[in-house]
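Here the structure is a predicted model, which means the values were calculated and not measured.
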Amino acid sequence: MDSQTQNTSLQRLQNVEKTVVRVLEVAGAVMDELSNPTGPRKEFINNHCRDFMQMIKDIQFTLRNEIKSACEYRPFEKSDYTCRISNEICLSKLEHILSQLDLITQTITPQYHHAHDSTASSPMDF
């Protein structure tokens, strides 16, 4: 992973962090407004709720994209999944080859002994 991609990803995650802080500030402002002794102002509540929901959607979108890019394009650090799967596939192939060789040996051995026995008792051996 090149440093520019990493910096861009880190910048996006830092922006998410800032947005989370902003979401909490907006939620606090709404709570303050709801507890206002003169009663909440409807426009204030509506605007803050709209901002809150938009910021939550933006956070979800960014985090989904970051997780998706981390999973699809870069293997997780210290992950041995690819190596283990490759080894298991190789092991399965070797086991299959060995079973085929065993079958060939079982098929050839009786024919070899039969051919060897028939040539040994042949009248031409005198």
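Here the straight-line distance linking atom CG of Leu13 with atom OG1 of Thr62 works out to 8.5 Å at 0.5 Å rounding. Separation of atoms OG (Ser86) and CG (Leu91) is listed at 11.0 Å; rounding is to 0.5 Å. To the nearest 0.5 angstrom, Cys90 atom SG is 11.5 Å from Ile85 atom CD1. The CG atom of Asn87 lies 10.0 Å from the CZ atom of Arg84; values are rounded to the nearest 0.5 Å.
Of the possible polar contacts, none joining the His96 side chain to the Ser92 backbone as a donor-acceptor pair under 3.5 Å is found.
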Identify each donor-acceptor pair in which a side-chain atom of residues 100-109 lies under 3.5 Å from a protein atom, sequence neighbours left out, and give them as a table.
| from | atom 1 | to | atom 2 | distance (Å) |
| --- | --- | --- | --- | --- |
| Thr105 | OG1 | Leu101 | O | 2.8 |
| Thr107 | OG1 | Leu103 | O | 2.8 |
| Thr109 | OG1 | Thr105 | O | 2.6 |

Side chains of residues 49-59: which donor-acceptor partners sit under 3.5 Å, not counting sequence neighbours?
| from | atom 1 | to | atom 2 | distance (Å) |
| --- | --- | --- | --- | --- |
| Arg50 | NH2 | Asn47 | OD1 | 2.6 |
| Gln54 | NE2 | Asp58 | OD1 | 2.9 |

List the atom pairs, with distances to 0.1 Å, where a side-chain N or O of residues 14-33 and a protein N or O form a donor-acceptor pair under 3.5 Å, not counting sequence neighbours.
| from | atom 1 | to | atom 2 | distance (Å) |
| --- | --- | --- | --- | --- |
| Asn15 | ND2 | Gln11 | O | 3.4 |
| Thr19 | OG1 | Asn15 | O | 2.8 |
| Glu33 | OE1 | Arg41 | NH2 | 2.9 |
| Glu33 | OE2 | Arg41 | N | 2.7 |
| Glu33 | OE2 | Arg41 | NE | 3.0 |

